[in-house]
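All remarks here apply to the structure that follows.
Just so it is clear, the model here is predicted, and its values are computed rather than measured.
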Amino acid sequence: ENLTVSFDGQDELSGIMNVSSDVNVTEECKGREVTGTAADMAGNTAETTITVNLDKTAPQINHTLSPEPNAHGWNNTDVTVSYDATDALSGVAEIADDVTVTEEGAAQTFTGSATDKAGNSAETTATVNLDKTAPTITGSTTPEANEHGWHNENLTVSFDGQDELSGLMDLSKEVDVIEECENRDITGVAADVAGNIAETTITVNLDKTAPQISHTLSPEPNDAGWN
């Protein structure tokens, strides 16, 4: 803050005649010399110089996240919040330590401060969205398979996904199965906004062809078709 340089003089013999007036320092400065003079009744003079430093401007502080969040503002691994500060005049004296964020959560805030050598301070707040948990995904068939695990008509494999924190972003589309198959694996994928991925696989069997059936007579009939 602004300061005042004051001077005081003493003379034990002839006495003080005059001494420099106070000097108000209001402009920022570094190493400014302010000189005061005292004179006694006999005309003798003396002077002294005071060096002053005035910094009224707070430092500049910013923060970074490592790794950086994705385009949606989310991270899916632990995040380090780092602080950096500059001060053009007196210089930075103290700055907040890095913070490692390991707990999942949305809109978590972390405030760091910096102080310069003159005592001015500034702060910045980082917001972290952290989701390290993959979404859940399930698959089903319509219609359902019979008790033997088989279908005898065309079917659709559908997927359903959920994510409680960052939310679901992508989910595999339905798959129509119309060609006969045995042990066909159909995989579905779900992705959340933070970039976590989960998958599930449904195995289907489809047989739309009726069995072939034949018969025999034992003993065989005679040439006239009789037994």
Side-chain angles (χ1 to χ4, degrees), residues 1-5 24-34 50-140 158-174 187-202:
E1 58 183 330
N2 296 339
L3 62 117
T4 299
V5 180
N24 294 320
V25 181
T26 60
E27 294 185 359
E28 293 185 313
C29 58
K30 183 177 183 181
R32 175 182 171 181
E33 294 183 345
V34 180
I50 300 294
T51 301
V52 296
N53 301 294
L54 176 58
D55 181 0
K56 300 187 288 184
T57 303
Q60 293 184 335
I61 183 173
N62 55 64
H63 64 266
T64 57
L65 302 183
S66 180
E68 294 182 355
N70 65 16
H72 306 286
W74 281 86
N75 289 82
N76 61 13
T77 60
D78 293 346
V79 179
T80 299
V81 182
S82 301
Y83 301 98
D84 180 66
T86 59
D87 190 272
L89 193 52
S90 63
V92 176
E94 294 181 354
I95 189 168
D97 293 331
D98 293 352
V99 177
T100 300
V101 184
T102 60
E103 296 292 329
E104 293 183 307
Q108 302 179 75
T109 56
F110 301 89
T111 299
S113 62
T115 304
D116 64 19
K117 295 176 182 178
N120 303 300
S121 63
E123 63 180 29
T124 182
T125 299
T127 300
V128 176
N129 299 300
L130 179 58
D131 180 1
K132 300 187 288 185
T133 303
T136 59
I137 182 172
T138 58
S140 61
S158 303
F159 300 99
D160 180 63
Q162 294 182 343
D163 190 272
E164 296 182 356
L165 189 51
S166 62
L168 199 65
M169 186 174 69
D170 290 317
L171 181 65
S172 294
K173 297 179 179 180
E174 295 179 347
T187 298
V189 179
D192 63 19
V193 177
N196 301 297
I197 295 175
E199 65 178 35
T200 188
T201 298
I202 299 295

Worksheet item: Should Pro59 and Asn120 count as side-chain neighbours, where that means a heavy-atom distance under 4.5 Å?
Response: yes
Worksheet entry | Donor-acceptor contact present, side-chain Asp131 to main-chain Asn75, <3.5 Å | no
Discussion item. Side chains of Val34 and Val52, heavy atoms from C-beta outward: is any pair under 4.5 Å?
Written reply: yes
Practice prompt. Begin from the C-alpha positions of Leu165 and Asp163 and carry the test side-chain contact (heavy atoms from CB on, under 4.5 Å) through to its verdict.
Written response: CA-CA 6 Å; Leu165 189 51; Asp163 190 272; 4.2 Å; yes
Worksheet entry | Shortest non-hydrogen contact between Lys173 and Phe159, atoms and distance | O-CD1, 3.9 Å
Worksheet item: Is the CG atom of Asp97 crowded by more than 12 outside heavy atoms at less than 6.0 Å?
Response: no
Discussion item. Working to the nearest 0.5 angstrom, can you tell me the gap between Asp192 CG and Ile137 CD1?
Written reply: 12.0 Å
Worksheet item: Do the side chain of Asp116 and the main chain of Ser90 share a donor and acceptor less than 3.5 angstrom apart?
Response: no
Practice prompt. For Gln60, look at atom CD and say whether over 12 heavy atoms of other residues, nucleotides or ligands are found less than 6.0 Å away.
Written response: no
Worksheet item: Can a donor-acceptor pair be found between the side chains of Thr109 and Thr127 at a distance below 3.5 Å?
Response: no
Discussion item. Do the side chains of Lys117 and Asp87 get close enough for a salt bridge, i.e. N-O under 4.0 angstrom?
Written reply: no
Discussion item. What I'd like to find out is whether the side chain of Val25 reaches to under 4.5 Å of the side chain of Thr4, using heavy atoms alone.
Written reply: no
Worksheet item: Do you know which two heavy atoms are closest between Trp74 and Gly105, and how far apart they sit?
Response: CZ3-O, 4.1 Å
Item to complete: Compare every heavy atom of Pro135 with every heavy atom of Ala198, then report the nearest pair and how far apart it is.
Response: CB-O, 3.2 Å
Worksheet item: Taking C-beta and beyond as the side chain, do Val81 and Val128 meet within less than 4.5 Å on heavy atoms?
Response: yes
Worksheet entry | pair Ser158-Ser140: side-chain heavy atoms closer than 4.5 Å | yes
Fill in: Separation between NZ of Lys132 and OG1 of Thr102, rounded to the nearest 0.5 Å
5.5 Å
Practice prompt. Compute whether any side-chain donor of one residue and acceptor of the other, for Thr201 and Thr187, lie under 3.5 angstrom apart.
Written response: yes
Worksheet item: Does the side chain of Asn2 come under 3.5 Å of the side chain of Thr26 through a donor N or O and an acceptor N or O?
Response: no
Discussion item. Can you tell me how far apart OG1 (Thr86) and CD1 (Ile61) are? Round to the nearest 0.5 Å.
Written reply: 9.5 Å
Fill in: Nearest-0.5 Å distance, OG1 of residue Thr136 to CD of residue Glu164
7.5 Å
Worksheet item: Hey, does the side chain of Glu104 reach the backbone of Thr133 with a donor-acceptor pair shorter than 3.5 angstrom?
Response: yes
Discussion item. Less than 4.5 Å apart, side chain to side chain, heavy atoms only: is that true for Cys29 and Asn53?
Written reply: no
Worksheet entry | Straight-line distance of Thr51 OG1 to Glu33 CD, nearest 0.5 Å | 4.5 Å
Fill in: Minimum heavy-atom distance between Ala85 and Ala114, given as atom pair plus value
CB-CB, 3.6 Å
Discussion item. Using every non-hydrogen atom in the two residues, find where Phe110 and Gln108 come nearest and quote the distance to one decimal.
Written reply: CE1-CB, 3.6 Å
Worksheet item: How far does OG of Ser172 sit from CD of Glu199, to the nearest 0.5 angstrom?
Response: 9.0 Å
Worksheet item: What heavy-atom pair brings Ile197 and Ala134 nearest, and what distance separates the two atoms?
Response: O-CB, 3.6 Å
Discussion item. For a 4.5 angstrom cut-off between non-hydrogen side-chain atoms, does Glu103 reach Leu130?
Written reply: no
Worksheet item: Side chains of Val5 and Leu3: closer than 4.5 Å at any heavy-atom pair?
Response: yes
